[in-house]
Amino acid sequence: MAVIGLGLIGGSLARAARQSGLVGAVVAADRSDDELALGVELGVIDGHGSVAEVVAGADLVVVAVPVRATRDVLAAIQPHLSPEAVLTDVGSTKGSFVAAVHEIFGGWSPRIIPGHPIAGSEKNGVSAAREDLFSDHKVILTPPADAAPDALDRLTRLWQGCGATVLTMDVARHDEVLAATSHLPHLIAFSLVDTLAGEDQNMEIFRYAAGGFRDFTRIAASDPVMWHDIFLSNRDAVLRVIDHFNEDLAQLRQAIEDQDGAALLRVFSRARAARNHFSKMLSGQAYVTDMSQKPVRFRLQPGGSVNGDIRVPGDKSISHRSIMLGALADGITEVDGFLEGEDSLATLQAFRDMGVTIEGPDHGHVRIHGVGMNGLEAPRGPLYLGNSGTAMRLFTGLLAAQPFDSELTGDASLSRRPMDRVAEPLRAMGAVIDTAEGGRPPLKIRGGQKLAGIHYDMPVASAQVKSCLLLAGLYADGMTSVHEPAPTRDHTERMLEGFGYHVHRDAATSSVVGGGNLSAGHIDVPADISSAAFFLVAASIAGDSDLTLRHVGMNPTRTGVLNILKLMGADITVSNEREIGGEPVADLRVRSATLRGIDIPEDQVPLAIDEFPVLFIAAACAEGRTVLRGAEELRVKESDRIQVMADGLKAVGVATTVTPDGIIIDGGQTIVGGQVDSHGDHRIAMSFAVASLRASGEILVNDCANVATSFPGFEALARETGIRIDAEEGR
Ligand code: S3P
């Protein structure tokens, strides 16, 4: 490997490549003989020479000079480069490298692959080189369309061998992204320090400058030559982002001048949230774009009993809706008990991306500065809704009626879920929505459409579809009414009433007339019965158990799990029943019981739709046969919950019979333990944690990170009650 330019980056690559064992020898050329001598002395390189000498025998040539020097260096390299050699660079701007190659080589070669490691330091020179500089950092390669596969593969493996993650991008996109994420911050840091240094009192200012100033301006100590090169080379993209920043800064200035606290709060809280989700950001897009976390696996030791007095986190469905209606209301809505899970946080973030000021969440407290029915702003990029089907379906209804275009995206699981069920009736109302193949996300919604109310007979019992249409109906001409084939959760209807928007309810039909307003209020989110369900089953199946669950939501459209468990013989007592903010709540005490298998009444299916995974565990621990029918909807949840549960049960020693719309489980089989794949489905993961209570061997559940979508803190709470659970990083 020949490195041309033995500075921080070239030197670090030399060190890392040598350590990886992927290169035979590293030689370098540099205009400074001292740096080269130091490189040999420090063990960074094996040898050095002129550009001509080091390039002549190299398989890989890396240009690691300031970008403005690239052209001359390429001219020196070109006559000596072997036809098989791979040529790459490490510069921060790619358009300029490509232009220089065209100029010097008179065209392109498939063995030239531009690169850019997103790593560095304000230090420079070979003495600052570190072999771990690229470890856990990204390297962007911008290969041409006809890149030689072996060249790309070798270069990719080299960077991976240095510990980096390799991404590919096209040249223009790279330069835009870097202008925003790297070049602009450096410019601001240089400029700020220079401005303050020029103030009369500069010594005083610097003396009192606190940690914030130091942190913010660390990069102003970077190499001026390198950065002057970068700005001149990436001129157009940098100018665009500077103009954008200037506009936003001017708005902040104006807000301060006008004493407009709300505007400041909106920008600061949106920025704070974005900063907290930094690793999930993609520059220039709406803020949250990726929620994939580190892989988590649950390790469960068999046995145990379940005891204590607990409150599980807030209801997911109500948390989503509290943000949505609070954002559209006039005035400030305060929410308590908000679920700080990733699904409801995705909804919260999406509204921030549409210009709504939302303070919190802070220990379940959220303060939403409603913008009114017509106050949402166009998001800057696609709204990323993570794993949440509820968010995507409800948003579709809401966004179909907005004046601006929008795009909804989600994670791999959400991207497989059917969205036609909302897109089709919305189109009948006049909405313009494009889906990806098979009616799946991403959804592209055209704004500015006039919607008209319809009557819709839902083919499936779905609260998400019903809520989506009611939300669209708030904006439609005339009346929108939705008929459901079986009762589904009615949180939307209840909360709309709570915000002063009348919902006409007649047997199985809910209707709204468009054109009204929402008035802000206070929402107390009860504990989620779907999360409580894991503990209801846990304490039922484990001997010597006695557990109290506080403040559990008892909306009758959600209590199927209680009805089913009671039919199975569970010992659950309900006390302290009360109504808070339009939703019934109660405390539940559950004790060990001998469960028996049942034919699950089909009318309970929509009322327990999210609780079946853990009910299957109850069935496996019951005496006799449990039969579930009429539950094909389970196949299109976060995973195919019938098949994934059957596979998981089989993996721990329990045979079942899968049917198209349900499952047959014969209880009394021994749960011997084993490895379960949750398929990233939060409820599957938690269900097998519960199964461990009756297992005879260890259970390992893979792919559990998504438990955070609905039940942050599950592992700690489960352990506190007696489940022998440990979460570890890994697949
Ligand atoms: C939900 C409705 C249900 C449920 C989901 C939340 C809601 O989905 O499974 O977890 O908040 O409206 P469907 O309405 O599609 O059955």
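First listed ligand is number 1; within each ligand, the first listed atom is number 1. Keep in mind that this is a model prediction, so the values were computed, not measured.
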Any side-chain heavy-atom pair of F535 and V552 under 4.5 Å
no
Which of the atoms in ligand 1, numbered in the order shown and given with their element, are less than 4.0 Å from a heavy-atom of T390?
1 (C), 5 (C), 6 (C), 7 (C), 11 (O)
Which of the atoms of ligand 1 are close to D610, meaning less than 4.0 Å from one of its heavy atoms?
4 (C), 5 (C), 9 (O), 10 (O)
Proximity winner for atom 12 (O) of ligand 1, if only heavy atoms of E484, R321, K316, R393 are counted:
R321
Side chain of [X], backbone of [Y]: donor and acceptor closer than 3.5 Å?
X    : Y    : answer
D315 : I318 : yes
D528 : K316 : yes
Q402 : L398 : yes

N555 and D490: side chain to side chain donor-acceptor pair (under 3.5 Å), yes or no, with the steps?
CA-CA 8 Å; N555 182 314; D490 64 355; 2.8 Å; yes
Any [X] heavy atom less than 4.0 Å to ligand 1:
X    : result
T488 : no
H320 : no
H491 : no

Which one holds for K466 and ligand 1: side chain close, backbone close, both close, or neither close, with close meaning a heavy atom under 4.0 Å?
neither
